[in-house]
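To find a chain, count down the sequence lines: A is the first, B the second, and so on, and within it residues start at 1.
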Amino acid sequence: DTGVSQNPRHKITKRGQNVTFRCDPISEHNRLYWYRQTLGQGPEFLTYFQNEAQLEKSRLLSDRFSAERPKGSFSTLEIQRTEQGDSAMYLCASTLRWRSNRGQDTGELFFGEGSRLTVL
Amino acid sequence: DAKTTQPPSMDCAEGRAANLPCNHSTISGNEYVYWYRQIHSQGPQYIIHGLKNNETNEMASLIITEDRKSSTLILPHATLRDTAVYYCIVRVRSYNTDKLIFGTGTRLQVFP
């Protein structure tokens, strides 16, 4: 258990429905990442936050996807009008980034167990 | 796109050293190499990272070539629980980005 919690762990939905995943990072971590992983592939970067600010979004993140981190703590990833191609494991990771590089920034990401989405 | 290439699979006998190679010929001078592993149905787990010096921790050793174009992760005494997919990753970091770009990894099978 890394301390990063994701819910729900499994979600089965019908095509066209909206789904939302939640990630609770390690409490003192100011940076939060979302990745997507399909079978047999490595995780693909989707987006990341520094506190509540969303700093980067991958081109994989179509306009049906939206991520928020309203208070700089937990984050949500919403997928609207789901498609079968959205079926994947959605992984959240958190870490602590220092404003200045004092050598304490190891770059280690702590991943949750993921939320598996199946779109029928 | 991933900046690393790895063999898709490897086998190792329990108790022996597992040496996992990685090529990163386009790595930039200030980019770190990271290794993570992923055991089935779990999130990736950090193992080790380095810039240009060899590194060792309680889990593994990382050997980076002098030209930094390749590296090797060494698990000194592999156990059955080390069976996993191992990812060699270059951390992409600049003024407007900071992320790990995963490739497809090496599936390590440790056998009795």
Peer 1: Which residues in residues 36-48 of chain A have any heavy atom closer than 4.5 Å to a heavy atom of chain B?
Peer 2: A:Gln37, A:Gln41, A:Gly42, A:Pro43, A:Phe45, A:Tyr48

Peer 1: Please tabulate, one pair per line, all N/O donor-acceptor pairs under 3.5 Å involving side-chain atoms of residues 72-81 of chain A, not counting sequence neighbours.
Peer 2:
from	atom 1	to	atom 2	distance (Å)
A:Ser75	OG	A:Trp34	NE1	2.9
A:Ser75	OG	A:Glu68	O	2.7

Peer 1: I'd like to know if B:Tyr46 and B:Tyr86 are part of one continuous hydrophobic network [Ile/Leu/Val/Met/Phe/Trp/Tyr, side-chain heavy atoms within less than 4.5 Å].
Peer 2: no

Peer 1: For A:Glu56 versus B:Asp98, what's the shortest heavy-atom pair and its separation?
Peer 2: OE1-N, 4.3 Å

Peer 1: Taking A:Thr2, A:Leu109, A:Leu91 one by one, which has the highest count of heavy-atom pairs under 4.5 Å against chain B?
Peer 2: A:Leu109

Peer 1: Nearest heavy-atom pair of B:Tyr34 and A:Glu108: which atoms, and what distance?
Peer 2: CE2-N, 4.4 Å

Peer 1: Of the backbone (N, CA, C, O) and the side chain (C-beta and beyond), which part of B:Gln45 lies under 4.5 Å from a heavy atom of chain A, both, or neither?
Peer 2: neither

Peer 1: Test of understanding: clusters of I, L, V, M, F, W, Y form through side-chain heavy atoms closer than 4.5 Å, transitively. Do A:Leu55 and A:Phe49 belong to the same one?
Peer 2: no

Peer 1: Please state whether the side chain, the backbone, both or neither of B:Ile89 comes within less than 4.5 Å of a heavy atom of chain A.
Peer 2: neither

Peer 1: If you group Ile, Leu, Val, Met, Phe, Trp and Tyr by side-chain heavy-atom gaps below 4.5 Å, do B:Ile47 and B:Val85 land in one group?
Peer 2: no

Peer 1: So which of A:Arg31, A:Gln50, A:Arg116 has the biggest tally of heavy-atom pairs under 4.5 Å with chain B?
Peer 2: A:Arg31

Peer 1: Enter the distance from B:Ser41:OG to A:Met89:CE here, rounded to the nearest 0.5 Å.
Peer 2: 6.5 Å

Peer 1: Who in residues 3-25 of chain A is close to chain B, using a strict under-4.5 Å heavy-atom cut-off?
Peer 2: A:Arg9

Peer 1: Checking heavy atoms, do the side chain of A:Tyr35, its backbone, both or neither come under 4.5 Å from chain B?
Peer 2: side chain

Peer 1: For a quick test of your reading: what N or O donor-acceptor pairs under 3.5 Å do the side chains of residues 19-28 of chain B make, sequence neighbours left out?
Peer 2:
from	atom 1	to	atom 2	distance (Å)
B:His24	ND1	B:Arg68	O	2.8
B:His24	NE2	B:Ser71	N	3.4
B:His24	NE2	B:Ser71	OG	2.9

Peer 1: Is there a path from A:Phe111 to B:Trp35 through hydrophobic residues (I, L, V, M, F, W, Y) whose side chains come within less than 4.5 Å of each other?
Peer 2: no

Peer 1: According to a hydrophobic-cluster definition based on side-chain heavy atoms being under 4.5 Å apart (Ile, Leu, Val, Met, Phe, Trp, Tyr only), do B:Leu75 and B:Met59 belong together?
Peer 2: yes

